[in-house]
Amino acid sequence: MAILRGFLLGLGLALAGVVQGHDDGSQWVDLWASMPQEVEPHNLPPAPFTGEDSIYTNTTIRQTIHLTQPAPHIRLSLSNEFGGPSADLHISAVTIALPLNGTAGSPSIQPRTLRQVTFSGGSKSFTIPNGAIAISDPIRNLNVKAETNLAVTIYIQQGQQGKRISGHPGSRTSSWFINGDHTKAVDLPSEAVRVDRWFILSAVEGWVDKKRTLGSLVIIGDSITDGRGSTTNGNDRWPDQLLRRLESQRRGGSGMSVINQAAGGNRVLADGLGPNALGRIARDVLAHNGVKYVVLFEGVNDLGTAAEGDLVKTGDRLIQAYEQIITRLHGRGIAVFGATITPMSGPGQAYGEPRREEQRVRVNRWIRTSGRFDAVIDFDKAVRDPKNETRLRPEYDTGDYLHLNPTGYKAMAEAVDLRLFERFKDGVSSIV
């Protein structure tokens with residue numbers, strides 16, 4: 001009996017070591033992440049889930065997310081980064097499961113896949129202070145695949161005081177709200193309310209074999225990367241379509257995560273809808289495990305919203321900010337690919353004023369020719385109208401002359417040279 005107990009104890013410790021980083025061949029890498037931001041008043045959950053002085057009281061939220069790399073074990077990251085002062089987020093219970101038919105945005109799950117999520121060594125509940133995140137215990141032997149949709153169901157009994165919460169309004173994925181604890185419900189009741197936004201979730205990590213992974217590609221961007229113009233619950237943003245290319249061209253899967261750290265309205269130089277890109281590099285890239293590559297595709301909102309008298313200065317500052325971001329990422333050995341800013345001109349489009357276009361062309365010239373990026377992804381060339389290079393191709397345009405439809409996003413995904421990831425798989429040197 002003592003021998004058996006010793007064997008079982010050893011087996012348990014070995015498995016614990018696998019997911020705590022003590023073995024010699026695996027690491028935690030993001031399988032999915034979304035840029036946390038403070039949820040604007042008009043994007044808060046509808047009543048009764050937003051009350052007069054609190055949010056989420058006695059509320060279950062079921063959300064689906066799209067994983068981008070296979071892994072045997074996973075863990076969740078929940079965020080209260082933007083909660084108000086002393087506004088703790090009391091997580092009462094969390095479960096995960098595969099959604100019905102594997103469908104994004106489904107209010108139903110596959111019952112045999114339901115798993116309880118715990119925190120800090122086995123607790124089903126956890127209180128997250130404002131400004132903090134909580135990482136779950138490892139969820140073992142789930143064996144998720146790339147392009148798997150995962151349902152995460154969160155119950156909050158006490159609610160969160162105030163009206164400041166963390167989330168991601170540009171989810172392009174349906175979530176479901178209902179009062180009461182429904183974390184183990186296979187089908188949410190018919191009165192569940194659909195809300196096309198994400199809340200609380202910030203990342204899912206997977207425990208992956210270092211020999212079989214290229215780590216993760218993180219994309220820093222704005223609404224074009226966040227997927228405005230894509231299909232709700234369709235996962236056809238350009239990063240999603242890039243993932244499909246990777247999956248189709250690598251035997252056994254891409255072995256690389258594609259992580260979308262973008263938000264609509266985001267800027268490089270100033271806060272707005274989310275923290276500015278120069279400021280959030282530490283949070284959205286450097287604080288994450290296993291990042292090997294970054295695509296920097298941002299600047300259109302800086303040029304589009306700058307005062308007319310500050311356009312040249314804004315162009316100068318964008319270039320300087322790109323330099324700073326490259327320097328910081330190269331210091332960690334991360335390869336940085338610069339993406340040219342796509343066209344933004346057309347009738348009634350304020351971003352398309354000629355002097356703004358001049359700066360877009362100027363900044364793109366620097367991206368293409370400076371040699372500071374490890375490689376250039378020329379999205380501008382891929383989607384511009386050859387008859388009028390200040391505009392998107394008509395067949396790619398959603399109608400606002402700025403955002404693309406799924407066909408346009410496919411063209412962007414196809415503009416990425418997949419050989420870059422093999423070329424820079426061992427990282428880069430920070431030596432100038």
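Computed over heavy atoms, backbone and side chain alike; hydrogens, waters and symmetry mates excluded.
- Between F49 and F199, the ring centre distance reaches or exceeds 6.0 Å.
- The residues R360 and D380 are annotated as salt-bridged, a charged nitrogen and a carboxylate oxygen being separated by less than 4.0 angstrom.
- Side-chain atoms of N289 never come within 3.5 Å of backbone atoms of V29 as a donor-acceptor pair (strictly under, hydrogens ignored).
- Using modelled atom types, no side-chain atom of D222 and backbone atom of G265 make a donor-acceptor pair closer than 3.5 Å.
- Proximity of a side-chain donor or acceptor of S77 to a complementary backbone N or O of S202 within less than 3.5 Å is not detected.
- Using cut-offs of 30° and 60° for the angle between ring planes, the F373 and W366 rings count as perpendicular.
- To the nearest 0.5 Å, atoms CG (L201) and CG (L150) are separated by 9.0 Å.
- Every salt bridge (charged side-chain N to carboxylate O under 4.0 Å, His left out) that E323 has, sequence neighbours left out, goes to R372.
- Here the side chain of T213 pairs a donor or acceptor atom with the backbone of G255 at under 3.5 angstrom.
- Exactly one residue among R355, E357, R362 makes a side chain to side chain donor-acceptor pair (under 3.5 Å) with Q359. That residue is R362.
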Using the rule given for ring pair (Phe, Tyr, Trp, His ring centres under 6.0 Å), can you reason through F424 versus F337, listing the C-alpha separation, both sets of side-chain angles and the distance that settles it, and then say yes or no? CA-CA 11 Å; F424 291 100; F337 309 142; 5.7 Å; yes

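- Between R419 and D417 there is a salt bridge, since a side-chain N of the basic residue sits under 4.0 Å from a carboxylate O of the acidic one.
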Side-chain donor-acceptor contacts of residues 81-89 below 3.5 Å, not counting sequence neighbours, with atom names and distances?
| from | atom 1 | to | atom 2 | distance (Å) |
| --- | --- | --- | --- | --- |
| E81 | OE1 | R283 | NH1 | 3.1 |
| E81 | OE2 | R283 | NH1 | 3.1 |

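- Pairs passing the ring-ring contact (aromatic ring centres under 6.0 Å, His included) check and including a residue from residues 286-327, sequence neighbours excluded, read Y293-F421, F297-F379.
- For E389, the salt bridge (charged side-chain N to carboxylate O under 4.0 Å, His left out) test picks out R384, with sequence neighbours left out.
- Salt-bridge check for D310 with K313: failed, with every basic side-chain N at 4.0 Å or more from each acidic carboxylate O.
- Of the possible donor and acceptor atoms, none in the side chain of N80 sits under 3.5 Å from a partner among the backbone N and O of S166.
- Pairs passing the salt bridge (Lys or Arg N to Asp or Glu O under 4.0 Å) check and including a residue from residues 145-163, sequence neighbours excluded, read E147-R244.
- At least one donor-acceptor pair under 3.5 Å links the side chain of R115 to the backbone N or O of R140.
- Aromatic rings of W32 and W198 (six-membered ring for Trp) have centroids within the 6.0 Å cut-off, being under it.
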In sequence, state the C-alpha distance, the side-chain angles, and the governing distance for D236 and R172, and then conclude on salt bridge (charged side-chain N to carboxylate O under 4.0 Å, His left out). CA-CA 10 Å; D236 54 13; R172 275 80 199 179; over 6 Å; no

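- Under the 3.5 Å distance criterion, the side-chain polar atoms of N260 are matched with a main-chain donor or acceptor of T225.
- Note that the CD atom of Q349 and the CZ atom of R356 stand 10.0 Å from one another [nearest 0.5 Å].
- Electrostatic pairing of E422 and K425 counts as a salt bridge here, judged by a charged N lying under 4.0 Å from a carboxylate O.
- In this structure, OG in S223 is found 9.5 Å from CG in N266, a value given to the nearest 0.5 Å.
- Residues R280 and P275 share a closest heavy-atom pair of CD-O, 3.3 Å.
- Salt bridge status for R368 with D378: present, with a side-chain N to carboxylate O gap under 4.0 Å.
- The distance from atom CG of L67 to atom CG of L31, rounded to the nearest 0.5 Å, is 5.5 Å.
- When the salt bridge (charged side-chain N to carboxylate O under 4.0 Å, His left out) test is applied to R228, no partner is found at least two apart in sequence or on another chain.
- Electrostatic pairing of E298 and R267 does not count as a salt bridge here, judged by no charged N lying under 4.0 Å from a carboxylate O.
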